[in-house]
Amino acid sequence: MSEVSGVTRAGFVALAGRPNVGKSTLVNGLVGRKVAIVSDKPQTTRRAIRGVATGADHQLVLVDLPGVQRPRDALTERMQRRVESEVADSDAVLFVVNGVQGIGPGDRFIATVLRRAAVPVVVAVNKVDRIDRGRTLAMLAEAAALELSDDVFPVSARTGEGMGPLREHLATLMPEGPYLFPAEDRSDQSEDVMLAELVREQVLRRTFQEVPHSVEVKVDEIDDRGEVTIVRALVWVEAESQKGILIGSGGRMIKAVGTAARKELERELGGRVHLDLSVRVRRGWRGDESLLDRLGIE
Ligand SMILES: Nc1nc2c(ncn2[C@@H]2O[C@H](COP(=O)(O)OP(=O)(O)OP(=O)(O)O)[C@@H](O)[C@H]2O)c(=O)[nH]1
Ligand SMILES: [Mg+2]
């Protein structure tokens with residue numbers, strides 16, 4: 001073991017921020033591999049996913065969280081409760097703001113919650129690849145004016161700019177101690193949930209308005225037959241009309257989702273995949289507490 005001589009630090013970093021600011025993209029960047037799905041639709045992340053980033057002398061367990069917003073149903077209520085409990089249990093919070101949009105009331109609300117939590121906060125001003133230097137400096141000043149933290153980092157989760165210094169700094173905030181996960185681990189997600197999320201990501205890319213929020217994917221079967229792995233997944237929607245949209249005229253939409261998702265599954269599993277998708281209407285699944293339990297959204 002290389003750690004015998006030196007001190008190691010390990011702990012939990014919870015990612016907080018409004019929907020769509022780039023929390024999941026940042027987690028993937030820090031981990032160095034895709035562990036969380038990403039989309040341009042708010043509320044992409046529904047579960048608290050742990051991504052593990054292990055360095056020479058530190059391990060960050062990054063807790064990717066749903067974006068903070070006003071709850072609308074049992075699903076979003078659970079998501080918000082989870083954010084608060086994960087923040088309270090973490091060793092540091094990475095508060096992510098969107099450099100393109102500036103700091104708004106939603107960010108100020110989150111800042112109030114984080115102040116109460118009494119956990120050290122680091123602020124990341126993300127998406128600096130989309131803004132010029134003057135605007136970046138103005139954003140850093142706005143973030144510092146929240147008076148949450150003296151540690152404000154400009155980053156681009158997309159290009160990787162600024163990620164090294166951010167990571168080094170987060171590592172200094174972790175308590176001394178042994179690693180919490182094996183160094184080769186990247187995520188705590190079960191395989192069936194990861195595969196279902198990769199299918200949902202492809203649905204999110206192709207749908208609009210209420211449809212992305214109404215879709216959940218559940219993988220029912222993963223059958224490894226050697227030369228090919230057969231994956232069967234159910235795509236739930238909340239209404240017949242949404243089912244029509246997802247299937248598309250002549251089945252074109254579901255075929256496009258299936259083809260793109262199969263490629264992602266093949267990358268993830270490292271081999272050939274046969275993906276079988278069925279679309280089902282399941283009215284009100286977002287309000288069904290026992291179903292949310294079974295889906296592991298808690
Ligand atoms: N230009 C640019 N886009 C980014 C960057 N980081 C994330 N994005 C984009 O921002 C959108 C949202 O990214 P996500 O990582 O899904 O955001 P999130 O904060 O996890 O969103 P929720 O899970 O909905 O709370 C996606 O379209 C990303 O590609 C960045 O550094 N630069
Ligand atoms: Mg996310």
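Counting starts at 1 for both ligands and their atoms, in listed order. All values below come from the heavy atoms of this structure, side chains included, with hydrogens, waters and symmetry mates left out.
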Looking at Glu268, Glu197, Glu264, which one forms a side-chain hydrogen bond (donor to acceptor under 3.5 Å, both in side chains) with Lys34?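 Among Glu268, Glu197, Glu264, the one that satisfies the side-chain hydrogen bond (donor to acceptor under 3.5 Å, both in side chains) with Lys34 is Glu264.
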
Per-atom contacts of ligand 1 with [X], taking only distances under 4.0 Å to non-hydrogen atoms:
| X | answer |
| --- | --- |
| Gly67 | 25 (O) |
| Asp40 | 27 (O) |
| Ser39 | 11 (C), 12 (C), 13 (O), 16 (O), 26 (C), 27 (O) |
| Arg130 | 1 (N) |

Considering only heavy atoms, does [X] approach ligand 1 within less than 4.0 Å through its side chain, its backbone, both, or neither?
| X | value |
| --- | --- |
| Ser24 | both |
| Thr44 | both |
| Val96 | neither |
| Ala36 | neither |

Out of Arg18, Lys127, Arg46, Gln69, the nearest non-hydrogen contact to atom 10 (O) of ligand 1 is supplied by Lys127

Could you name the option among Met79, Arg158, Glu201 that has the heavy atom nearest to atom 29 (O) of ligand 1? Arg158

Arg232 and Asp276 ion-paired at < 4.0 Å: yes

Measuring to the Mg ion (ligand 2), does Ser24 have an N/O/S atom at a distance below 2.8 Å? yes

Taking backbone and side chain together, does Thr45 place any N/O/S atom at a distance below 2.8 Å from the Mg ion (ligand 2)?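 Of the N, O and S atoms in Thr45, at least one lies under 2.8 Å from the Mg ion (ligand 2), which means yes.
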
Please check if Leu204 and Val35 belong to a single hydrophobic cluster, counting links between Ile, Leu, Val, Met, Phe, Trp and Tyr side chain heavy atoms closer than 4.5 Å. no

